[in-house]
Asker: 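This is the structure I have questions about; it appears just below.
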Number of protein chains: 2
Amino acid sequence: MKPDSARAVYDGKLFDGTVERWGDHEREIVEHPGAVAIVAVDTVGMLTLVRQPREAARKRLLELPAGTLEQGEGPEESARRELEEETGLTGGTWRELAAFYTTPGFCRERMHLFVAERVERGRAAPEADEDLEIVRWQTAEITHRLHEIEDAKTLAGLLLYLHEADTNA
Amino acid sequence: MKPDSARAVYDGKLFDGTVERWGDHEREIVEHPGAVAIVAVDTVGMLTLVRQPREAARKRLLELPAGTLEQGEGPEESARRELEEETGLTGGTWRELAAFYTTPGFCRERMHLFVAERVERGRAAPEADEDLEIVRWQTAEITHRLHEIEDAKTLAGLLLYLHEADTNA
């Protein structure tokens, strides 16, 4: 699938907008470089989440550590950088669990979801925003605490992680 | 949480953009009226999905029936309308399974996820787009076919549906 033509309609700080012509219709699209999210489980079996203020939602949300791909960065490289920046966690065994579009009706964003197991807590505190709170759950608690999650990637990520564990059990 | 001020920065056909001031920083936000998605299972135990071209992804994606809230419409009303429009399915027993933000880093969209069970196939074909293909899966197949899904709400919705069935088993 390829558009006949495309024109930039908005040049913002966080996102740009494009209108593409596809045959007889036009489609307005939010540009996005792609993103990563990580289900990170440490050496003592704890899952690490982050709670942060989300202006668009006007509330604090509990989410998987996640971020946006930087220019020239591969998905796993980006995911390792974001995880360390947000939580101080490093190392571990990584695999990509899935990749999905977050809002394919209007935005280009494709997200790569990783599982990082046996990650290690760093000695130094992460250089996180003061507004980013680290939250740790026992992996056995996840199933009982899903109702605390109001973010699509985090629901999809935690449920895929549980589903994979079930399937392999 | 409330911003100090907000200004419109983009007025598009499909979405608008706002920049909000929050204390010492500004946040650029894609406006969205909210959305619905439906895990619809009919009287013979088949799940209904839709496959449609997604310009932003430049490919056809297999997704839950879904749509955007119209002015003055409640979530369940919207979900029943979208399901009938896209698939011709009506009736059944409905419940809200979850509500989540799809991309809280930059967009206001909050999605209500419904499960509709024992829905009935209408006599008339839906007035769907020619480009919208109806796909039916046995509910028992879902777990083996998740790798065909590249859409976040569909992954979250199907996994929540399976998880709930497991928890109640």
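As a basis for the values below, the full set of heavy atoms in this structure was taken, side chains included, without hydrogen atoms, waters or symmetry mates. Proteins come first, then strands; the chains are lettered A, B, ... in the order of their sequence lines, and each starts at number 1.
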Asker: Would you give the length of the straight line joining atom CZ of R58(B) to atom CD1 of I29(A), rounded to the nearest 0.5 angstrom?
Answerer: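 Going from CZ on R58(B) over to CD1 on I29(A), the span is 7.0 Å.
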Asker: Please answer: with hydrophobic residues joined when any side-chain heavy atoms are less than 4.5 Å apart, are L97(A) and I149(A) in the same cluster?
Answerer: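 Yes, L97(A) and I149(A) fall within the same hydrophobic cluster.
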Asker: Can you check whether K153(B) reaches Y101(A) side chain to side chain, under 4.5 Å on heavy atoms?
Answerer: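 A side-chain contact under 4.5 Å is absent here.
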Asker: Among the options P3(A), A98(A), A152(A), pick out the one with the most heavy-atom pairs lying under 4.5 Å from chain B.
Answerer: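 That would be A152(A).
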Asker: Run V30(B) and F15(A) through side chain to side chain contact (heavy atoms under 4.5 Å, CB included) and show every step you take.
Answerer: CA-CA 9 Å; V30(B) 176; F15(A) 55 84; 3.3 Å; yes
Asker: Assess the residue pair F106(B) and L14(A) against the criterion (side chain to side chain contact (heavy atoms under 4.5 Å, CB included)); give the C-alpha distance rounded to whole Å, side-chain angles, the decisive distance to 0.1 Å, and a yes or no.
Answerer: CA-CA 8 Å; F106(B) 65 93; L14(A) 202 60; 3.9 Å; yes
Asker: Can you find a pair of side-chain heavy atoms, one from E26(A) and one from K13(B), that are under 4.5 Å apart?
Answerer: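 When only atoms from C-beta onward are counted, K13(B) and E26(A) do touch, with a gap below 4.5 Å.
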Asker: Sort E31(B) into side chain, backbone, both or neither according to what part of it lies under 4.5 angstrom from a heavy atom of chain A.
Answerer: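 Contact with chain A: none, neither part.
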Asker: Sort out for me which residue in R21(A), R27(A), R108(A) forms a side chain to side chain donor-acceptor pair (under 3.5 Å) with E55(B).
Answerer: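 It is R27(A); the other options fail the test.
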Asker: Can you find a heavy atom in the side chain of D151(A) that is under 4.5 Å from one in the side chain of F100(B)?
Answerer: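 Side chain of D151(A) against side chain of F100(B), heavy atoms only: no contact under 4.5 Å found.
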Asker: Check whether T143(B) gets within reach of chain A through its side chain, its backbone, both or neither, counting any heavy atom under 4.5 Å.
Answerer: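 Looking at T143(B), backbone and side chain both touch chain A.
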Asker: By a 4.5 Å heavy-atom criterion (distance strictly below it), what part of H32(B) contacts chain A: side chain, backbone, both, or neither?
Answerer: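 Only the side chain of H32(B) comes within 4.5 Å of chain A.
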Asker: Would you say the side chain of P104(B) lies within less than 4.5 Å of the side chain of E150(A), judging by non-hydrogen atoms?
Answerer: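 No, every pair of side-chain atoms sits at 4.5 Å or beyond.
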Asker: So which atom in L160(A) and which in L155(B) form the shortest heavy-atom distance, rounded to 0.1 Å?
Answerer: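 L160(A) and L155(B) have their closest heavy atoms at CD1-CD1, 4.2 Å.
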Asker: Tell me, with the steps shown, if E28(B) and Y10(A) meet side chain to side chain donor-acceptor pair (under 3.5 Å).
Answerer: CA-CA 12 Å; E28(B) 195 175 29; Y10(A) 177 66; 2.4 Å; yes
Asker: Is it the backbone or the side chain of A99(A) that comes under 4.5 Å from a heavy atom of chain B, or both, or neither?
Answerer: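 It is the backbone, since no side chain atom gets that close.
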Asker: Would you kindly confirm whether V50(A) and V135(A) end up in one hydrophobic cluster when ILVMFWY residues are joined by side chain heavy atoms under 4.5 Å apart?
Answerer: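 No: no chain of side-chain contacts under 4.5 Å links V50(A) to V135(A).
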Asker: When L159(B) is tested against each of L162(A), L146(A), L159(A) for side-chain contact (heavy atoms from CB on, under 4.5 Å), which residue passes?
Answerer: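 Of the listed residues L162(A), L146(A), L159(A), the side-chain contact (heavy atoms from CB on, under 4.5 Å) partner of L159(B) is L159(A).
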Asker: L83(B) and M46(B): same hydrophobic cluster, using ILVMFWY side-chain contacts below 4.5 Å?
Answerer: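 Not linked; separate clusters.
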Asker: Could you see if L49(A) belongs to whatever hydrophobic cluster contains I38(A)? Use Ile, Leu, Val, Met, Phe, Trp, Tyr and a side-chain cutoff under 4.5 Å.
Answerer: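 Hydrophobic grouping puts L49(A) apart from I38(A).
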Asker: Between Q52(B) and chain A, which part of the residue has a heavy atom less than 4.5 Å away: side chain, backbone, both or neither?
Answerer: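 Neither part, no heavy atoms under 4.5 Å.
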Asker: What part of L61(B) is in contact with chain A, defined as an atom under 4.5 angstrom from a non-hydrogen atom: side chain, backbone, both or neither?
Answerer: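 Looking at L61(B), just its side chain touches chain A.
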Asker: Please flag which part of H25(B) lies under 4.5 Å from any non-hydrogen atom of chain A: side chain, backbone, both or neither.
Answerer: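 Just the side chain, heavy atoms under 4.5 Å.
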Asker: Taking every non-hydrogen pair under 4.5 Å, which of C107(A), G157(A), G105(A) racks up the most with chain B?
Answerer: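 Heavy-atom pair counts peak at G105(A).
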Asker: Find the one option among T103(B), T68(B), L158(B) whose heavy-atom pairs under 4.5 Å with chain A are most numerous.
Answerer: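 The candidate making the most pairs under 4.5 Å is T103(B).
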Asker: Give a yes or no on whether L113(B) and M111(B) share a hydrophobic cluster (residues Ile, Leu, Val, Met, Phe, Trp, Tyr; joining criterion: side-chain heavy atoms under 4.5 Å apart).
Answerer: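 Linked, L113(B) and M111(B) end up in one cluster.
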